[in-house]
There are 2 protein chains.
Amino acid sequence: MVRYVGVENMVRLVRTVGVEQWLTGLAAVIEEDFRRWPSFEKTPRVASHSRDGVIELMPTSDGTLYGFKYVNGHPKNTRSGLQTVTAFGVLSDVETGYPVLLSEMTLTTALRTAATSALAARYLARPDSSVMALIGLGSQSEFQALAFRALMGITRLRVFDIDPTATEKFVRNLGAAGFDITVATSTQDAVQGADIITTVTADKQMATILSDNMIGAGVHLNAVGGDCPGKTELQADILRRADVFVELPEQTRIEGEIQQMPADFPVTELWQVITGQVEGRRTAQQITLFDSVGFAIEDFSALRFLYGQLNGTDCYEDIDLLTEPDDPRDLFGLLSPPTPGHSNGQSRGLAT
Amino acid sequence: MVRYVGVENMVRLVRTVGVEQWLTGLAAVIEEDFRRWPSFEKTPRVASHSRDGVIELMPTSDGTLYGFKYVNGHPKNTRSGLQTVTAFGVLSDVETGYPVLLSEMTLTTALRTAATSALAARYLARPDSSVMALIGLGSQSEFQALAFRALMGITRLRVFDIDPTATEKFVRNLGAAGFDITVATSTQDAVQGADIITTVTADKQMATILSDNMIGAGVHLNAVGGDCPGKTELQADILRRADVFVELPEQTRIEGEIQQMPADFPVTELWQVITGQVEGRRTAQQITLFDSVGFAIEDFSALRFLYGQLNGTDCYEDIDLLTEPDDPRDLFGLLSPPTPGHSNGQSRGLAT
């Protein structure tokens with residue numbers, strides 16, 4: 001049997017554990033997996049492009065577990081009340097090839113993206129950071145805010161979105177959650193005095209959400225929204241002033257902010273900072289930038305963390321995704337009506 | 001909601017429709033998709049190899065629907081009572097990127113493999129064929145027998161397996177199904193007088209199940225078991241005498257019987273025979289060989305056929321694989337307890 005975690009059970013489980021506790025636990029697993037980054041199989045996304053979007057499969061394996069995520073990206077979907085991005089994923093046992101977990105991954109991806117952002121900031125932002133500007137108050141924004149509080153202790157937020165209803169939604173969701181929230185009048189206003197600037201805007205275009213003059217010394221930039229070809233948020237000048245940290249360089253050069261830069265633009269791999277092989281932030285004046293696009297290993301960590309959380313709960317269902325004939329060579333027997341003296345695992349199940 | 005067809009529902013549905021009716025209907029859909037072969041996206045399998053096996057993702061799309069199959073191959077699994085191959089698949093709407101169907105595909109793969117074999121034989125075997133030799137009586141054997149009866153009218157079978165318990169299982173499953181079954185004493189014995197020879201043996205090795213001297217003029221060979229690197233069933237001399245038909249040449253040269261042959265060994269693509277662009281069998285003396293390895297388009301056809309069969313039945317469950325927030329930007333709202341005046345699609349569901 002395969003454990004299935006649908007949206008309802010995922011919501012129940014995350015609520016039971018607590019969102020910030022979830023983010024903290026998840027970040028620890030992501031950190032663990034980043035520490036052993038070289039031991040993972042790194043396959044490029046397998047993308048199927050169409051007129052209105054893309055469907056991707058993102059597999060990886062550490063030799064013991066195998067995971068993949070299905071994710072789509074269809075910017076037009078919101079016009080018809082659908083989500084731009086939906087996702088689900090599977091975790092399997094490498095030794096047998098049998099799937100062990102099938103899970104929704106829309107919520108899970110939002111959680112892992114935020115956990116990865118805050119984890120990166122713990123290595124890259126100034127340790128005395130206390131104010132975060134949050135630009136773009138769409139579906140990822142609350143998760144970012146909670147992750148930065150859980151992992152970095154950030155409680156002061158300066159938020160901005162061009163759409164007032166997005167701001168309203170953000171304040172409705174987190175207004176009573178103990179943050180000190182300042183609703184800014186512009187991006188320029190939001191970044192005033194911020195130690196960390198998180199950009200998570202939604203429009204698919206080469207945008208300039210942040211221009212060079214807005215970025216003071218010592219700031220850490222957490223650039224989340226520029227995450228696919230043709231979608232960026234930062235003026236190129238910022239990238240030249242900053243030290244840029246990435247997940248997988250080959251992927252980020254195509255999908256991240258650095259798609260604006262030449263192919264040999266220098267970047268540092270985040271996992272090397274986490275293992276201590278390479279320094280992260282060296283001075284209080286340095287501008288650091290995490291050019292986040294999301295990599296398969298983070299989804300793997302998220303599935304691995306989720307799988308661990310299931311034990312002792314009822315937040316999953318066992319589903320019959322796989323045949324289980326008594327005799328593996330007798331697949332056909334599953335289709336035969338059970339007869340006396342001839343039993344076959346799954347067909348017994350049908351008789352009950 | 002995504003329609004989920006687990007093993008229990010798949011068994012129920014196939015039993016209701018009838019296995020041979022299923023195979024006939026499925027073969028018609030495969031034929032339809034082979035006719036429009038050039039309109040499909042053809043992506044190589046994405047394989048993750050490990051010591052004991054492989055896990056693969058097989059995606060394809062016709063621009064309207066997208067499908068992929070997850071399939072493993074772990075020869076050692078049978079030692080621990082597990083299946084060598086298990087599979088599941090997903091069908092999605094290309095316009096939105098939303099999955100519409102999640103299904104078991106172990107049974108489905110067995111059915112589509114047999115349907116494809118019999119479909120190929122309809123174009124390649126002598127129309128007066130009446131006897132089939134079936135070498136290898138493992139999990140695929142009954143499906144092959146039924147597909148050849150359904151599509152080619154073959155009722156006389158000469159069967160052989162080196163393992164008597166496999167033969168016993170085959171006879172138990174199909175002995176009362178109206179076939180004229182001769183249990184042969186050897187492969188040599190089984191192929192005597194056969195118009196069609198189907199090989200579906202299980203051992204992963206470069207085997208010589210059929211040697212050149214066994215193959216008379218006019219025979220159609222349906223070589224199913226040689227389907228991955230290091231696994232073949234036919235002596236190379238047979239390949240030189242036969243006209244070889246394949247699914248996707250690039251894939252078959254790696255996985256099929258022709259892995260034994262040079263890279264420029266001449267083959268004909270089955271879809272071109274089906275569209276009439278290229279002749280299949282030209283003479284009654286010719287030896288034809290379908291070097292079957294299984295391609296993503298056949299799985300796509302199988303999911304498409306299955307999806308169509310579900311309408312008006314209760315052989316599926318709606319599962320909550322995808323989040324459905326009322327406001328697509330308010331993913332976080334799913335995690336908030338419902339409050340008066342603030343509803344959110346999926347969180348309502350939780351309250352009931």
Side-chain angles (χ1 to χ4, degrees), chain A residues 6-8 11-12 14-15 19 41 43 46 48 50 52-53 55 57 59 61 63 66 68 70 72-74 77-78 81-84 86 88 90 92 94-98 104 106-107 110 138-139 142-143 166 169 173 319-323 327-336 346 349-350, chain B residues 6-8 11 14-15 19 41 43 46 48 50 52-53 55 57 59 61 63 66 68 70 72-74 77-78 81-84 86 88 90 92 94-98 104 106-107 110 138-139 142-143 166 169 172-173 319-323 327-336 346 349-350:
Chain A
V7 175
E8 181 174 328
V11 165
R12 214 152 56 87
V14 174
R15 274 194 200 159
V19 182
E41 196 173 71
T43 310
V46 185
S48 175
S50 54
D52 293 330
I55 297 175
L57 301 173
S61 167
Y66 165 95
F68 81 87
Y70 168 108
N72 76 300
H74 285 68
N77 273 3
T78 39
L82 297 175
Q83 296 160 97
T84 302
T86 61
F88 68 89
V90 168
S92 301
V94 168
E95 200 184 331
T96 63
Y98 272 47
E104 85 80 32
T106 314
L107 273 168
S139 57
E142 295 91 348
F143 297 96
K169 176 220 60 162
N173 281 331
I319 61 167
D320 61 343
L321 190 60
L322 308 177
T323 49
D327 173 357
R329 294 167 315 176
D330 193 6
L331 198 55
F332 184 80
L334 293 175
L335 292 170
S336 318
Q346 228 140 9
L350 292 170
Chain B
V7 175
E8 182 175 327
V11 165
V14 175
R15 273 193 201 160
V19 181
E41 196 174 70
T43 311
V46 186
S48 174
S50 54
D52 294 329
I55 296 175
L57 301 174
S61 168
Y66 166 95
F68 80 87
Y70 168 108
N72 75 300
H74 285 68
N77 273 2
T78 39
L82 298 175
Q83 296 161 97
T84 303
T86 62
F88 68 89
V90 169
S92 300
V94 167
E95 200 184 330
T96 63
Y98 274 46
E104 85 80 34
T106 314
L107 273 168
S139 57
E142 296 92 347
F143 296 96
K169 175 220 62 162
R172 185 176 66 224
N173 281 331
I319 61 167
D320 61 342
L321 190 60
L322 308 178
T323 50
D327 173 357
R329 293 168 315 175
D330 193 7
L331 198 55
F332 185 79
L334 294 175
L335 292 170
S336 318
Q346 227 139 11
L350 291 170

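The chains referred to below are lettered A, B, ... by the order of the sequence lines, with proteins before strands, and numbering in each begins at 1.
- Residue with the most contacts toward chain B among A:T84, A:V90, A:T86: A:T86 (heavy-atom pairs, distance under 4.5 Å).
- Looking at A:S50 and B:Y66, their side chains never come closer than 4.5 Å, going by heavy atoms from C-beta outward.
- Interface residue B:V94: backbone and side-chain heavy atoms are both found under 4.5 Å from chain A.
- What you find for A:H74 and B:E95 is that their closest heavy atoms are CD2-O, 3.0 Å.
- Side chain of B:Q83 to backbone of A:T323: a donor-acceptor contact under 3.5 angstrom is found.
- Aromatic ring pairs are classed by plane angle as parallel below 30°, tilted from 30° to 60° and perpendicular above 60°; the pair A:F68 and B:F88 is parallel.
- Expressed to the nearest 0.5 Å, how far CG of B:D330 lies from CD of A:E142 amounts to 6.0 Å.
- For the pair A:T43 and B:V46, the minimum side-chain heavy-atom distance is below 4.5 Å.
- For the set B:A110, B:G63, B:G73, B:S92, the count of heavy-atom pairs under 4.5 angstrom toward chain A peaks at B:S92.
- B:L321 CG to A:T106 OG1: the interatomic distance, rounded to the nearest 0.5 Å, is 7.5 Å.
- Judged by distance alone, with hydrogens and angles left aside, the side-chain atoms of A:K169 form a donor-acceptor pair with the main-chain N or O of B:R329 at under 3.5 Å.
- Contacts between B:A166 and chain A at a heavy-atom distance below 4.5 Å involve backbone atoms as well as side-chain atoms.
- For A:S61, the part lying near chain B is the side chain, with the backbone staying farther off; criterion is any non-hydrogen pair under 4.5 Å.
- Looking at heavy atoms from C-beta onward, A:T96 lies out of side-chain contact with B:N72 at the 4.5 angstrom threshold.
- Between A:L335 and B:F143 there is a side-chain heavy-atom pair separated by less than 4.5 Å.
- For the residue pair A:N173 and B:S336, the shortest heavy atom distance occurs at OD1-OG, 3.9 Å.
- Taking a 6.0 Å sphere around CD of A:E41, one finds it holds more than 12 heavy atoms contributed by other residues, nucleotides or ligands.
- Contact tally against chain B (heavy-atom pairs below 4.5 Å) for A:V14, A:D52, A:T78, A:I319: the top residue is A:I319.
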